[in-house]
Amino acid sequence: MDMSQYLDMFLEESAENLQYLNDGILALEKNPEEKETINSIFRAAHTLKGMAGSMGFSDIAELTHKMENVLDKFRKDELNVTSDVVSVLFKCLDALENMVNAIQEGSDEKFDTKEIIEMLENIQSGKPVDAKKVSEEKNVSGYDLNDYDKEIIKQAQEKNYNVYKIDTTLYKDCVLKSSRAFLVYKTLEENGELIKTIPSTEDLEQENFDRSFTIMLITEKNSDEIKNIVMNISEIEKVEVTELNIEATAEAAPAAEIKTQTVPVENANVNVNGNGNINSNNSNVKTDKEEDKTNRKAHQSIRVDLERLDKFMNLVGELVMHRTRLEQISTDLKMTELHETLEQVGRITSDLQDLVMKVRMLPIERVFNRFPRTVRDLSKELNKEIELIIEGEDTELDRTVIDEIGEPIMHLIRNSADHGIEPVEERVKKGKNPKGIIKLMAYQEGNKAVIRVEDDGKGLDIEKIKNKAKKLGIEVEGMSEADIKNLIFMQGFSTSDKITDVSGRGVGMDVVKTKISSLGGTVDVISEAGKGTAFVIRLPLTLSIIQALLVKIGGETFAISLGFIEKVLTMDVEDIKKTNKKDVIIYRDNIIPIVKLSNKLNIEDENTKQKYIVIVKVGEKTAGLLVDSLLGQQEIVIKPMGRTLQNLKEYVGATILGDGLVTLILNIAAFV
Amino acid sequence: MPKVLIVDDAAFMRMMLKDILTKNGFEVVGEAPNGLKGVEMYKAEKPDVVTMDITMPEMDGIEAVKQIKAIDPNAKIIMCSAMGQQAMVMEAIKSGARDFIVKPFQPERVLEALKKVLG
């Protein structure tokens, strides 16, 4: 995982937290009894520790950890705030500040923190600590242990076994999470007895968890050993081993101490470079850093939780919705004064909407800038000469899209490198430049962002695709060449003779397509034999507010994004013809396939002769959707379907209309 | 230098893994194109760690893990899995595999797994 992109944020936030700590400790010295101050500086120290740990700056993390221990003593009234202690804390803060500055300047300077750590440790252990408090019972409530579990824990503790709560966090991009979790608890099971996992083992095995899970274990081993055991499994970001303790004789003690060992695994980002060196993450970040040392100066910006922006966007969306209603009412009432005011309100809401949309946008550079390295590695791996040309990297896209689009593009690039670009000899034989070119372009087209991945390789072999299609039992007769080429996006469709690890297992292209349609976009392939292949991804600029057409099918109302709609026709049902067992209409000499939405959605349609056909264009494909009636055009706010319903491919989400009616938004790409 | 045995039916994969490993201070002591050969070579070479593909002709990776484990209960085996092979990976773990890596391989992940298994 490349952490360098977070470096700016880390530096900014560290500086903030250090400042906060400085102020806080000063205040504390003046007013040692102020609990709130202690709590807040404790939190700041904790945040700093966590950040430094995740960034791989283990020396900062360690020092902060020691400081945190001392602060914790204040918090528990086990240590008095004296000016001596405060001086040590200040020294510690100075050291931290120096370390952070060194990172900011990109220097490799090492700081000797031993002395300060020693001082902190002395403070921490210097005072004779009330024995009762140390063995304070640990809080187990909230883990949902039943009496049986508790009884087991009690017995185990009586027999001097250790009982731990082990919180494991996997890498963000970990794949096969269920197997990874399985490996973790299987390994732990070999070292003790599992009491409980949260979520349950079934859920873990079915991947019903994000990337963290908790295991309760009875073991003879100590927490360090357990921690090491888990850490020795790959793709584990963090392990926390906490001692569980339920002494039956619990007094009503204050919220108890939980001894925690946080071990941010030194984000084992091993940088493999050509000359065979392995750089641990630590130095890796430093090299990255040196490259962009120049633009390190903190930007004038504040960080905002994406969730808040989402809420903001939603609210603006709802505002837009109600404005539309208000406008309708004012038109009906014919009140000029109201109308004028509303127009003003309308302009402002539009501006507001634009603004919040822009706030969420990021240049696609963030995604693109990792591909030069990919292509370089691929060309080495495949023994081909490949050059990557990137254009339009300043094109901006919604943050959500930016986060998700990397993987599909990566896939397309791998595909181009592996299947598209020919080996050098073959290129020379064909009279092509021995060096193959992959072009990665982004640009805006209307209200869509377009990303193209082009190569000048051998192009798609249409015969091969046809053969493969026949093997899979797909009738290719009567399909246009473009349609046949687009078959490669089907599940299990790979025409590659040999499966390489780079690509060709036939799982890729449909994953690409699924991912892109989940973002409301489309992907098409354009290819010319011998000249090359281009994949064209079209994505909506924003995901949250769209212009939509509301239609009725039977008694149900649905929304269709205007972005897909070409035109709307009224049609007699009798005008729908059948060719090849498929429904079509002829419109201006074009044959357009018809999709009966009522059939697809299992809705009884109205038995009327006059119907509407919404002509939609998804990428290069055109189709007509048959609906019963049209309700009009409206701006709608897309709300995601939620976890349970997210597998419904037919819908991109739902929206709430002005009158409170929940309406489903059709995923057009799923029907065409 | 830790000794590694690579078991994979695709020569391409073996080459790629070998590249990653030799560049980073591992010695590849053997390459086997299937589980059967893998078990044989394990006996002959006694490598420190084995990378084991799952789907292979003759004998698949899971069976090979079982057999190697029967010969040497302390054998360290890392499975090479593709996406969607959860069940098989779990099966391999049950049989005694120590870790797994997922294709397409990222060199850093491969190295991480090997180093961690070797402790």
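By convention in this document, chain letters (A, B, ...) are assigned in the order of the sequence lines, proteins followed by strands, and residues within each chain are numbered from 1.
Between B/K115 atom NZ and A/S234 atom OG the span is 12.5 Å, to the nearest 0.5 Å. Atom CG of A/D173 is separated from atom CD of B/Q106 by 6.0 Å, given to the nearest 0.5 angstrom.
A distance-only check finds a donor-acceptor pair linking the side chain of A/R180 to the backbone of B/F100 [under 3.5 Å]. Looking at B/K116, its side chain does come within 3.5 Å of a backbone N or O of A/M231 through a donor-acceptor pair. B/E112 places a side-chain N or O within 3.5 Å of a backbone atom of A/E235 that can act as its donor or acceptor partner.
Residue B/A11: no heavy atom, backbone or side chain, is found under 4.5 Å from chain A. Contact of A/E205 with chain B is made through backbone and side chain together, with heavy-atom distances under 4.5 Å. Heavy atoms of B/S81 lying under 4.5 Å from chain A belong exclusively to its side chain.
Counted within 6.0 Å of NZ on B/K69, heavy atoms from surrounding residues, nucleotides or ligands total more than 12; the atom is thus considered enclosed. Taking a 6.0 Å sphere around NZ of B/K3, one finds it holds more than 12 heavy atoms contributed by other residues, nucleotides or ligands.
The choice from A/T187, A/N228, A/I233 that makes the most heavy-atom pairs within less than 4.5 Å of chain B is A/I233. Ranked by heavy-atom pairs under 4.5 Å with chain A, the list B/M88, B/R98, B/Q86 is led by B/Q86.
Side-chain contact between A/R414 and B/P104: present, with at least one pair of heavy atoms (C-beta onward) separated by less than 4.5 Å. For the pair B/D99 and A/L183, the minimum side-chain heavy-atom distance is below 4.5 Å.
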